[in-house]
Amino acid sequence: MCHWYILIFCVCVYQLIEKLHEKWSPVKKKPYPAMYSSVFGGIILDPAMMVIPIDDHMVHRGHGVFDTAVILDGYLYELDAHLDRFLRSASKARITLPFPRSTLRSILVQLTAASQCKEGTLRYWLSAGPGNFLLSPAKCPTSAFYAVVIADVVSQCKNGVKVITSTIPMKTPQFATMKNVNYLPNVLSIMEAEDKGAYASIWVDDDGFIAEGPNVNVAFITNDKELILPSFDKILSGCTAKRLLELAPKLVEQGRLKSVKTANLTVMEAKGAAEMMYIGSTLPILPIIMWDEQPIGDGKVGDLTMALSDLLWHDMVAGPNTHRICVPY
């Protein structure tokens, strides 16, 4: 009798795996060439098996943090900056690391190499872990680390987009400054923009100052040719935005910009800017030409916006080794 139970179990497992493969069998090029799971204890190359437990606290309680890095020409761009922010987010979310930072970094580099992906994104999550469906993670055996390589085209954004002011309440500073998986406000914010025919939205804080976009930072060039980014004290500290602040002084040296700084901007000041842009890892800069049906500047993509985009793009494809990690494929 025991042998029959084993046989039935094996048949059920086989049928389950076949069912999981049905989704991916018609897909010629798999969008997720590799995943790492600390629950499985290794790298997974079969997208049908790229799953996480339903009782993981990141799934049913949103107790998790995440971050990303761009893969371009076989290099990981700004991985260390993103990983440092990832650890800061984990600390704020009170999630302990399953491995030291050096091990996490090594896993991410090895995962990218195993994926054979030369262009796309690397995304990774730290969860309180699987174990139960309770509110407290106290009885979860250990935290869980997941990572996925996503094959995608990474290129400069040269066309301008329209945005709106979001009516969805933004996160409080405690949660906005950590990159946690609770992105429901972000999702609703971008859906609101799409409903109105816009690309995305802009959040304004309770004091009336410009905050950020749903998953990007925002920047402005004033009529006096000052580059201004909203202060990071109430919003997520963007790694690409910070890198831009390091690179942009080159345009000051050339006399094209007057200054580069972070500061509080009112909506009136921001809408009166000469140029406006989103800043994010995969953009790296996206020009904004209209806000709430009002043109920004002359309503065209600005020269300085594209000059800043060129600076970041050059850094991504040919920057110093301190910011680009060669993947050992």
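Any value given below was found using the heavy atoms of this structure, including those in side chains, with hydrogens, waters and symmetry copies removed. For reference, positions follow the sequence shown, starting with 1.
- Between the side chain of Asp152 and the backbone N or O of Gly120 there is no donor-acceptor pair closer than 3.5 Å.
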Criterion salt bridge (charged side-chain N to carboxylate O under 4.0 Å, His left out) on Arg101 and Asp80, from CA distance to verdict: CA-CA 10 Å; Arg101 182 193 187 280; Asp80 287 311; 3.2 Å; yes

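- A 4.5 Å side-chain heavy-atom check between Val204 and Phe209 finds every atom pair outside the cut-off.
- For Lys171, the NZ atom counts as densely surrounded, since its 6.0 Å shell holds more than 12 non-hydrogen atoms of other residues, nucleotides or ligands.
- You'll find the side chain of Val59 stays beyond 4.5 Å of the side chain of Phe133, heavy atoms only.
- No more than 12 heavy atoms of other residues, nucleotides or ligands lie within 6.0 Å of OH in Tyr199, so this atom counts as exposed by the packing criterion.
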Derivation of the salt bridge (charged side-chain N to carboxylate O under 4.0 Å, His left out) call for Asp56 and Arg61: CA-CA 8 Å; Asp56 191 302; Arg61 299 298 178 187; over 6 Å; no

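- Although no hydrogens or angles enter the test, the distance criterion places no donor-acceptor pair under 3.5 Å between the side chain of Ser143 and the main chain of Ile95.
- Although no hydrogens or angles enter the test, the distance criterion places a donor-acceptor pair under 3.5 Å between the side chain of Asp292 and the main chain of Thr165.
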Apply the test side chain to side chain contact (heavy atoms under 4.5 Å, CB included) to residues Ile296 and Ile289: give CA-CA distance (whole Å), side-chain angles for both, the deciding distance (0.1 Å), then the verdict. CA-CA 5 Å; Ile296 298 298; Ile289 57 174; 5.7 Å; no

Carefully, step by step, assess His82 and Ser281 under the rule side chain to side chain contact (heavy atoms under 4.5 Å, CB included). CA-CA 10 Å; His82 283 275; Ser281 298; 3.2 Å; yes

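- By the 4.5 Å heavy-atom criterion applied to side chains, Thr266 and Ile210 are not counted as neighbours.
- Phe220 and Ile288 fall within the same hydrophobic cluster, defined by Ile, Leu, Val, Met, Phe, Trp and Tyr side-chain heavy atoms under 4.5 Å apart, directly or through other members.
- No more than 12 heavy atoms of other residues, nucleotides or ligands lie within 6.0 Å of CG in Asp303, so this atom counts as exposed by the packing criterion.
- More than 12 non-hydrogen atoms from other residues, nucleotides or ligands lie less than 6.0 angstrom from CD of Gln254.
- Between Gly131 and Pro141 the shortest heavy-atom distance is CA-CD, 4.2 Å.
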Should Leu247 and Lys250 be marked as a side chain to side chain contact (heavy atoms under 4.5 Å, CB included) after you check the CA-CA gap, both sets of side-chain angles, and the distance that decides it? CA-CA 6 Å; Leu247 296 170; Lys250 292 180 181 178; 4.1 Å; yes

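- Between Met316 atom CE and Ile71 atom CD1 the span is 11.0 Å, to the nearest 0.5 Å.
- Heavy-atom neighbours of Asn321 CG from other residues, nucleotides or ligands within 6.0 Å: at or below the threshold of 12.
- Annotation: side chain of Ser237 is in contact with side chain of Lys242 (closest heavy-atom distance under 4.5 Å).
- Shortest non-hydrogen contact noted between Pro33 and Val149 is CD-O, 3.1 Å.
- Arg256 has its side chain within reach of Leu304: a pair of non-hydrogen atoms, C-beta onward, lies under 4.5 Å apart.
- Put simply, the side chain of Ser309 reaches to within 4.5 Å of the side chain of Gln156, judged on heavy atoms.
- Relative to the ring axis of Tyr75, Arg324 places its NZ or CZ within 45° and under 6.0 Å from the centre.
- Cluster partners of Met268: none. The rule joins Ile, Leu, Val, Met, Phe, Trp and Tyr whenever side-chain heavy atoms lie under 4.5 Å apart, and it links nothing here.
- Relative to the six-membered ring of Tyr329, Lys118 meets both conditions, a distance below 6.0 Å and an angle of at most 45° to the axis.
- Between Tyr124 and Phe86, the ring planes are perpendicular. Angles over 60° get that label, and only those under 30° would be called parallel.
- When all heavy atoms of Ala248 and Leu308 are compared, the closest pair comes out as CB-CD2, 3.8 Å.
- The distance from the CZ atom of Arg88 to the NZ atom of Lys179 is 12.0 Å, given to the nearest 0.5 Å.
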Where do Tyr146 and Phe40 land on the ring-ring contact (aromatic ring centres under 6.0 Å, His included) test, with the steps shown first? CA-CA 10 Å; Tyr146 308 103; Phe40 291 161; 8.6 Å; no

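- Contact detail for Pro130 and Asp55: the closest heavy-atom pair is CB-OD1, 3.4 Å.
- A 6.0 Å sphere centred on NZ of Lys225 holds no more than 12 heavy atoms belonging to other residues, nucleotides or ligands.
- To the nearest 0.5 angstrom, Ile202 atom CD1 is 9.5 Å from Glu212 atom CD.
- Within 6.0 Å of CG in Asp195 there are more than 12 heavy atoms belonging to other residues, nucleotides or ligands.
- Applying the 6.0 Å contact sphere to CG of Asn159 captures no more than 12 heavy atoms from other residues, nucleotides or ligands.
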Take Ser127 and His63 through the test side chain to side chain contact (heavy atoms under 4.5 Å, CB included) and record every step on the way to the result. CA-CA 6 Å; Ser127 159; His63 194 184; over 6 Å; no

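- Linking ILVMFWY residues whenever their side-chain heavy atoms come closer than 4.5 Å, directly or via other members, places Leu283 and Val218 in the same cluster.
- Shown here for Met170 and Ile235, the closest heavy-atom pair between the two residues is CE-CG2, 4.2 Å.
- Put simply, Leu265 and Leu229 are part of two different groups of oily side chains (I, L, V, M, F, W, Y) that touch within less than 4.5 Å, one to the next.
- Interatomic distance, CG of Leu236 versus CG of Asn217, reported as 7.0 Å (0.5 Å rounding).
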Please report the C-alpha distance between Asp315 and Tyr77 in whole Å, then the side-chain angles of each, then the deciding distance to 0.1 Å, and finally whether the side-chain hydrogen bond (donor to acceptor under 3.5 Å, both in side chains) criterion is met. CA-CA 9 Å; Asp315 196 57; Tyr77 181 65; 2.5 Å; yes

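- Contact of the Ser37 side chain with the Ile44 side chain is registered, since non-hydrogen atoms from C-beta on lie closer than 4.5 Å.
- Salt-bridge formation is not detected for the pair Asp224/Lys258: no Lys NZ or Arg NE/NH1/NH2 atom is positioned less than 4.0 Å from an Asp or Glu carboxylate oxygen.
- The backbone N or O of Met290 sits nowhere less than 3.5 Å from a side-chain atom of Glu293 that would complete a donor-acceptor pair.
- The structure places NZ of Lys234 at 15.0 Å from CH2 of Trp203, a figure rounded to the nearest 0.5 Å.
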Tell me, with the steps shown, if Lys92 and Thr177 meet side-chain hydrogen bond (donor to acceptor under 3.5 Å, both in side chains). CA-CA 9 Å; Lys92 290 180 179 181; Thr177 55; 3.2 Å; yes

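- Side-chain contact between Ser166 and Glu192 is present, with heavy atoms from C-beta onward closer than 4.5 Å.
- Distance check: Ser201 OG to Ile190 CD1 gives 7.0 Å after rounding to the nearest 0.5 Å.
- Ring geometry, Phe145 versus Phe99: the interplanar angle exceeds 60°, so the pair is classed perpendicular (tilted spans 30 to 60°).
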Should Thr240 and Glu78 be marked as a side-chain hydrogen bond (donor to acceptor under 3.5 Å, both in side chains) after you check the CA-CA gap, both sets of side-chain angles, and the distance that decides it? CA-CA 8 Å; Thr240 308; Glu78 286 281 83; over 6 Å; no

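- Considering all non-hydrogen atoms of both residues, Ala147 and Leu108 come closest at CB-CD2, 3.7 Å.
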